[in-house]
Structure formats: C-alpha cells, structure tokens
Asks: 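For reference, the structure I am asking about is given below.
Numbers for residues simply follow the sequence, beginning at 1.
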Amino acid sequence: MNLFNGFNASASALTANRLRMDVVSSNIANAETTRSELVDGEWQPYKRKVVELEENSFESKLQAAMGNESPSGVKVSNIQEDNAPNKLVYNPAHPDANEEGYVEMPNVDMVKEMVDLMSASRSYEANVTALNATKSMYMKALELGK
C-alpha cells in the first residue's frame, strides 16, 4: 500500500472539480453568445458544455495495488456538449434574428449553472478538508516516534 494514496485521491478530485468550475464559468460567460462556431456557412450559438467524471476501474486499482501505477481516485472522462435545444428569443432588432424576428440563443440555463458551480465548489472544499485531515494524521503519526 502506498503511503500517498489518500493524497493522490484528493488531488485527483481537486483537479477534476477545478475543471468542472472552469467549464461552468465558460458556460456562464457564453450564455449570450449567438456566434460560437461556423457550421455549413452559418454561425451557431454556443452549446453548453458538461464535464463527465468517472472513478478508476477495478483494473487500474489492481495495477496500483501491484505497484505498477498509482490510483488517481477520479478522473475527467469527457467534456461534451449538451444536446438540449437552444432557446428562441423574440428580438427583431438583433443582428442574428431570423425572418420572423427570433434569435437562437445558447442552451445555457443560469440556475442550472449556478447549481453545478456550487456543487463543484463544495466538492472542492470537501476534498481540501480530506487532504488536510490526511496530512494531520501523518503529522500525528510522526509525533508518536518522538
């Protein structure tokens, strides 16, 4: 057993949750972006991005126990676009309005983004607490030898 497994698991979770917060921040920043990418000669609105996390598989844990690699706890498996439909907003004065006066806006829901941001932030805080508790236990163990 590796002495640093607890540190490695917390560190991987900290990295994953920081990426989650970055993606949510990007979604919030682009909530009004109507020209994000060019598809077939037409500009498309920004698509909300979602981070997918996965735990280590049994095989990677087995390899780690055999000393071939260290487990990382959790990792980002994919960042994909949300396939929810875009919102249509009536604004005939907008430069991207169609013939009927509707503008196709990104599929970013601010309430959902704030919930995701709070979840990632709380997970990050919990992993900092776990990391500090692990560090404290190791320090107490070192004090036993005095």
Side-chain angles (χ1 to χ4, degrees), residues 1-91 94-98 102-145:
M1 180 174 158
N2 188 348
L3 184 66
F4 298 106
N5 282 348
F7 287 128
N8 292 338
S10 291
S12 69
L14 289 172
T15 302
N17 283 304
R18 189 200 69 223
L19 181 62
R20 282 179 62 201
M21 289 187 277
D22 288 346
V23 169
V24 169
S25 298
S26 175
N27 289 341
I28 291 171
N30 289 296
E32 300 291 322
T33 304
T34 57
R35 295 181 184 187
S36 176
E37 64 179 299
L38 199 58
V39 176
D40 297 330
E42 290 188 29
W43 285 102
Q44 298 296 315
Y46 177 82
K47 286 287 205 179
R48 176 179 184 260
K49 308 232 177 342
V50 180
V51 175
E52 292 181 359
L53 303 177
E54 71 178 22
E55 64 178 323
N56 275 343
S57 66
F58 176 74
E59 281 184 53
S60 65
K61 290 180 182 176
L62 181 62
Q63 292 295 323
M66 293 173 26
N68 296 339
E69 65 181 65
S70 68
S72 60
V74 67
K75 63 182 179 180
V76 175
S77 62
N78 193 14
I79 299 175
Q80 67 178 14
E81 290 183 349
D82 187 0
N83 291 329
N86 294 326
K87 297 180 281 188
L88 288 177
V89 176
Y90 183 74
N91 185 358
H94 195 282
D96 293 328
N98 61 14
Y102 287 97
V103 180
E104 196 172 359
M105 299 298 285
N107 59 351
V108 176
D109 181 8
M110 293 302 280
V111 174
K112 192 181 291 186
E113 296 306 319
M114 292 307 294
V115 168
D116 286 348
L117 185 60
M118 286 174 37
S119 171
S121 176
R122 296 281 167 84
S123 294
Y124 190 91
E125 290 172 8
N127 280 289
V128 167
T129 302
L131 188 68
N132 287 333
T134 304
K135 182 179 79 170
S136 176
M137 284 188 282
Y138 287 148
M139 294 302 293
K140 290 292 183 187
L142 288 174
E143 288 176 8
L144 289 175

Asks: For E42, I'd like to know if atom CD has over 12 heavy atoms of other residues, nucleotides or ligands within 6.0 Å.
Replies: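 It does not: E42 CD has 12 such atoms or fewer within range.
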Asks: State the CD-CG distance between Q44 and N86, to the nearest 0.5 angstrom.
Replies: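 Q44 CD to N86 CG: 7.5 Å, rounded to 0.5 Å.
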Asks: Taking only residues two or more places apart in sequence, or in another chain, which ones meet Q80 in a side-chain hydrogen bond (donor to acceptor under 3.5 Å, both in side chains)?
Replies: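 Partners of Q80 under the side-chain hydrogen bond (donor to acceptor under 3.5 Å, both in side chains) test: E52.
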Asks: Excluding sequence neighbours, so at least two apart, what forms side-chain hydrogen bond (donor to acceptor under 3.5 Å, both in side chains) with E113?
Replies: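 E113 satisfies side-chain hydrogen bond (donor to acceptor under 3.5 Å, both in side chains) with N27, R48 only.
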Asks: Between V128 and L14, what is the shortest heavy-atom contact and its length?
Replies: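 Nearest heavy atoms, V128 then L14: CG2-CD2, 3.6 Å.
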Asks: At their closest point, which heavy atom of P45 faces which heavy atom of P106, and how far apart are they?
Replies: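 That would be CB-N, 4.0 Å.
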Asks: For residues 119-133, pull every pair meeting side chain to side chain donor-acceptor pair (under 3.5 Å), keeping only residues two or more places apart or in separate chains.
Replies: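 Checked against side chain to side chain donor-acceptor pair (under 3.5 Å) - neighbours excluded - the pairs reaching residues 119-133 are R20-S119.
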Asks: In this structure, are over 12 heavy atoms from other groups packed under 6.0 Å from F7 atom CZ?
Replies: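 More than 12 heavy atoms, drawn from other residues, nucleotides or ligands, come within 6.0 Å of this atom.
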Asks: Look at the side chain of N107 and the backbone N and O of D82, then say whether any donor-acceptor pair between them is shorter than 3.5 Å.
Replies: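 Checking the backbone N and O of D82 against the side chain of N107, a donor-acceptor pair under 3.5 Å is found.
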Asks: Taking all heavy atoms of A84 and all of K47, pick out the closest pair and write down the distance.
Replies: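 Of all heavy-atom pairs spanning A84 and K47, the closest is O-NZ, 3.6 Å.
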Asks: Tell me if a side-chain donor or acceptor on K140 pairs with a main-chain N or O of K135 at a distance below 3.5 Å.
Replies: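 Judged by distance alone, no pair lies under 3.5 Å.
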Asks: Please find the pair of heavy atoms, one from V74 and one from A16, that lie closest to each other, and give the distance.
Replies: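 Heavy atoms only, the tightest pair is CG1-CB, 4.2 Å.
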Asks: Mind listing the closest non-hydrogen atom pair of A130 and S10 along with its distance?
Replies: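 Closest pair (atom of A130, atom of S10, distance): CB-OG, 3.9 Å.
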Asks: Would you mind reporting whether V50 and V23 have side-chain heavy atoms less than 4.5 Å apart?
Replies: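 The answer is no; the side chains never approach within 4.5 Å.
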Asks: Which residue pairs pass the ring pair (Phe, Tyr, Trp, His ring centres under 6.0 Å) test with at least one member in residues 13-44, sequence neighbours excluded?
Replies: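 Listed by first then second residue: nothing to list.
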Asks: State the CE-CG distance between M110 and L117, to the nearest 0.5 angstrom.
Replies: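 CG of L117 is found 10.0 Å from CE of M110.
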Asks: Taking atom NZ of K112 and atom CE of M114, what is their separation to the nearest 0.5 Å?
Replies: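 That separation rounds to 15.0 Å.
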Asks: Could you pull out all residues at least two apart from D96 that satisfy salt bridge (Lys or Arg N to Asp or Glu O under 4.0 Å)?
Replies: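 D96 satisfies salt bridge (Lys or Arg N to Asp or Glu O under 4.0 Å) with R35 once adjacent residues are dropped.
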Asks: Taking only residues two or more places apart in sequence, or in another chain, which ones meet S26 in a side chain to side chain contact (heavy atoms under 4.5 Å, CB included)?
Replies: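 Testing S26 for side chain to side chain contact (heavy atoms under 4.5 Å, CB included), a comparison that skips the adjacent residues, returns N30, Y46.
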Asks: What distance separates T34 OG1 from M105 CE, expressed to the nearest 0.5 Å?
Replies: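 Rounded to the nearest 0.5 Å, the OG1-CE separation comes to 6.5 Å.
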Asks: Does some side-chain heavy atom of L53 sit less than 4.5 Å from a side-chain heavy atom of V76?
Replies: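 Answer yes - side chains close enough.
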Asks: Under 6.0 Å from the CD atom of E81, do we count more than 12 heavy atoms belonging to anything else shown?
Replies: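 Buried by this count: over 12 neighbours within 6.0 Å.
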